[in-house]
Protein chains: 2
Amino acid sequence: MSDIDELLSIRAAELYYEEDKTQDEIGTILRLTRWKVGRLLAQAKANGFIRIEIVHPRARRLGLERALREKTGLTDAIVVSTAGLVDETDLHKRTALAAADYLTALRPVPRTLGISWGRTLHDISVQLKPGWASGVDVVQINGGVSLNARPGTAAATAVNIAQKGGGQFTLLPSPAILERVETKHAIATDRSVTAVLEMGSAASAYLFSAGQADAGSAHVDSGYLTVDQIDELVRKGAVGDIVGRFIDSAGQIVDPALNERTFGIPLEHLRRATTAIAVIAGPRKHAIARSVVLSRLCTVLITDEDTAAALLQTP
Amino acid sequence: MSDIDELLSIRAAELYYEEDKTQDEIGTILRLTRWKVGRLLAQAKANGFIRIEIVHPRARRLGLERALREKTGLTDAIVVSTAGLVDETDLHKRTALAAADYLTALRPVPRTLGISWGRTLHDISVQLKPGWASGVDVVQINGGVSLNARPGTAAATAVNIAQKGGGQFTLLPSPAILERVETKHAIATDRSVTAVLEMGSAASAYLFSAGQADAGSAHVDSGYLTVDQIDELVRKGAVGDIVGRFIDSAGQIVDPALNERTFGIPLEHLRRATTAIAVIAGPRKHAIARSVVLSRLCTVLITDEDTAAALLQTP
DNA sequence: CTAGCAGCTGCTCATATGAGCAAGATCGCC
DNA sequence: GGCGATCTTGCTCATATGAGCAGCTGCTAG
């Protein structure tokens with residue numbers, strides 16, 4: 001396109017989009033026929049000079065959602081827009097809202113919902129409206145007794161989701177990671193615990209988040225792991241954790257010994273699930289999101305547009 | 001509007017603007033009539049959820065231009081968009097480009113153009129296309145022999161503009177500010193100098209920029225003033241300088257003694273001019289831009305959208 | 001209970017816009 | 001300088017959209 005046409009297309013776009021003039025009026029102003037104006041506007045669009053953003057906490061990026069579904073084979077993908085975002089808290093809120101909306105609209109309504117815990121799940125439990133479902137039972141799928149930070153939040157999350165959804169809740173009475181493998185095995189044989197794990201393994205849908213493998217990991221806050229231990233995991237290839245288990249970029253368990261001491265349903269149950277909803281958003285979670293999606297740990301991904309775009313880059 | 005309608009309007013907007021669906025198709029998807037869809041889209045627009053930006057170096061903000069003209073009585077206002085801007089250099093380039101475009105399209109074509117000097121004017125001289133006019137003579141309106149930094153740029157600017165415009169150039173052979181008032185008067189009586197000043201005073205149009213009053217002032221770089229002297233001027237109320245003369249927020253000379261030693265046409269000549277084009281852009285120039293416009297030192301303002309918005313805030 | 005009213009809905013009709021096509025302009029290539 | 005190839009232009013016609021209006025719904029105040 002000639003330079004003069006490019007300039008004209010910008011002038012036309014200003015009059016069309018900012019001043020709400022018709023193409024005919026623009027033609028009169030710029031001394032062009034209205035067809036020429038139409039073509040200039042089409043060029044401006046084609047050249048990417050016109051950027052249209054939907055600025056709203058509930059705005060989604062349908063194009064990215066479609067691209068994700070097609071490229072990765074996900075059943076569903078929800079991508080929240082980052083337009084007009086002020087800070088990362090805002091991003092978390094939007095993602096949680098999208099997850100709550102998705103859960104509310106999910107059909108068939110799950111009989112039993114297996115959930116993990118953490119900041120993301122807590123946010124979702126807050127965003128869910130009372131009465132979002134009627135009779136959805138909630139069961140924890142990984143150990144959730146926090147060692148030092150905000151005790152009880154893991155339990156509160158499950159309770160909240162269940163109560164707002166008019167169902168029962170079942171907690172997994174165990175830490176996320178045990179010191180000694182013998183303790184793990186001892187607990188795992190307790191009848192009250194195996195019943196919960198069986199219930200979790202038979203859940204009709206799963207809802208979980210993921211943590212990145214760095215000093216900001218929730219495992220560090222909760223006191224289960226030290227920063228040094230995380231560093232060691234990263235050296236072994238860890239990109240993050242999912243329901244408490246650290247995986248590499250291929251979705252494989254990084255440290256079998258640690259995994260053995262980790263309490264919760266095995267990752268294979270997620271891989272076999274009909275509905276496994278992963279909610280993973282934020283700039284530090286690109287790697288773990290990619291791993292979860294590519295290794296088919298989820299059937300549904302709820303994320304932000306930057307993470308989605310990163311996911312679409314290489315695979 | 002109800003909450004549910006708001007959500008629907010966002011879903012409709014996504015389908016309309018991102019997926020290029022017709023309102024009728026959206027109606028089928030969302031189980032609404034196409035008229036309802038049209039109304040939802042209108043609401044989304046009215047609520048400001050739809051943001052349309054024209055991303056292009058030449059994009060302007062016509063709405064702000066009109067508001068500026070109406071509120072301040074300027075003959076013309078050019079407001080360049082900051083959409084998609086990467087850094088401040090980019091902003092300077094866009095503004096200079098807009099000034100060059102404006103000058104090229106200016107009718108009637110000025111016989112003689114009085115110009116100041118500085119980074120902005122230099123940028124404009126670069127952006128002007130050879131042959132932008134035929135036969136426009138250029139004359140410097142304030143002293144421009146730089147003391148230490150990049151000697152000759154002031155002259156080069158004038159030469160460039162004149163040559164590309166097919167006209168003669170006339171330099172003002174004097175420093176911007178003289179040490180002693182006696183020297184100023186001595187120079188001012190020299191025939192070769194008075195001729196230039198007369199020519200400058202009779203110019204048919206003026207093109208000038210402005211400097212902010214802080215340590216980054218061009219006067220500091222050029223060696224005419226020290227940072228301490230600028231601080232002193234600020235204490236007296238200076239917000240910036242125009243053709244070398246420091247003014248306060250009301251457009252009044254701040255330091256009469258310094259003004260007496262400053263070489264160039266008096267500000268009153270700008271105030272009486274038919275066409276006085278001020279090119280002032282950048283976050284640090286909001287105060288001086290306001291002063292110049294409100295005290296009617298220019299008839300045309302070329303600026304960026306942030307400065308324009310700031311200008312429209314209070315007055 | 002019901003008259004009055006505000007707001008919403010689905011429609012008709014006028015207008016704005018995009019697709020497609022034939023004629024004209026422009027270009028490069030010899 | 002001639003001549004086909006390609007690009008651009010102005011058009012017709014079909015479609016999409018917005019304005020305006022009548023009827024309906026639901027709500028409130030007597």
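Sequence lines set the chain letters: A, B, ... in the order given, protein chains first and strands last, and positions in each chain run from 1. Just so it is clear, the structure is predicted and the values come from calculations on it, not from any experiment. Note that these values count all heavy atoms, side chains included, but never hydrogens, waters or copies made by symmetry.
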| field | With sequence neighbours excluded, residues passing side-chain contact (heavy atoms from CB on, under 4.5 Å) with Tyr17(A) | value | Ala13(A), Leu41(A), Lys45(A), Ile50(A), Ile52(B)
| task | Provide the full list of ring pair (Phe, Tyr, Trp, His ring centres under 6.0 Å) pairs with a residue in residues 60-96 of chain A, sequence neighbours left out, each pair given once. | result | none
| said: Based on the rotation axes of five pairs at each end, what angle does the helix from dC1(C)-dG30(D) to dC30(C)-dG1(D) bend through, to 10°? | reply: 30°
| request: Keeping to residues at least two apart or across chains, list the side chain to side chain donor-acceptor pair (under 3.5 Å) pairs with something in residues 49-61 of chain A. | output: Arg51(A)-Glu53(B), Glu53(A)-Arg51(B), His56(A)-Glu6(B), Arg58(A)-Asp101(A), Arg60(A)-Glu65(A), Arg61(A)-Glu305(A), Arg61(A)-Glu18(B)
| Partners passing side-chain contact (heavy atoms from CB on, under 4.5 Å) against Ser204(A) (at least two apart in sequence or in another chain) | Pro110(A), Arg111(A), Thr112(A)
| said: In this structure, how many angstroms lie between the P atom of dT9(C) and the CD atom of Gln43(B), rounded? | reply: 9 Å
| Distance-only, no hydrogens or angles: does the Asp304(B) side chain make a donor-acceptor pair with backbone N or O of Gly282(B) under 3.5 Å? | yes
Residues 162-170 of chain B, side-chain donor-acceptor partners within the protein, below 3.5 Å, at least two apart:
residue	atom	partner	partner atom	Å
Lys164(B)	NZ	Ser125(B)	O	2.9
Lys164(B)	NZ	Val126(B)	O	3.1
Lys164(B)	NZ	Leu128(B)	O	2.9

| query | Going by the ring pair (Phe, Tyr, Trp, His ring centres under 6.0 Å) test, which pairs reach into residues 26-46 of chain B, not counting sequence neighbours? | reply | none
| said: What is the distance, to the nearest angstrom, from the CZ atom on Arg31(B) to the C1' atom on dT9(C)? | reply: 19 Å
| field | Contact list for residues 82-94 of chain B, test salt bridge (charged side-chain N to carboxylate O under 4.0 Å, His left out), sequence neighbours left out | value | Glu88(B)-Arg284(B)
| Whole-Å distance separating the CG atom of Leu40(B) from the P atom of dG18(D) | 12 Å
| Within 6.0 angstrom of His122(A) NE2, more than 12 heavy atoms from elsewhere | no
| Listed by chain and number, what are the side-chain contact (heavy atoms from CB on, under 4.5 Å) partners of Asp24(A), not counting sequence neighbours? | Thr22(A), Arg34(A)
| Sequence-distant partners of Ala309(B), side-chain contact (heavy atoms from CB on, under 4.5 Å), two or more places apart | none
| field | Length of the CG-C1' vector between Asp5(A) and dC7(D), whole Å | value | 12 Å
| field | Whole-Å gap separating P (dT8(D)) and CG (Leu8(A)) | value | 14 Å
Using the 3.5 Å cut-off, write out each protein N or O paired with an N or O of nucleotides 10-12 of chain D and the distance between them.
residue	atom	partner	partner atom	Å
dG10(D)	OP2	Thr33(A)	OG1	3.4
dG10(D)	N7	Arg39(A)	NH1	3.2
dG10(D)	O6	Arg39(A)	NH2	2.4
dT12(D)	O4	Trp35(A)	NE1	3.3

| Which parts of residues 11-25 of chain A get close to DNA chain D, meaning a heavy atom less than 4.0 angstrom away? | none
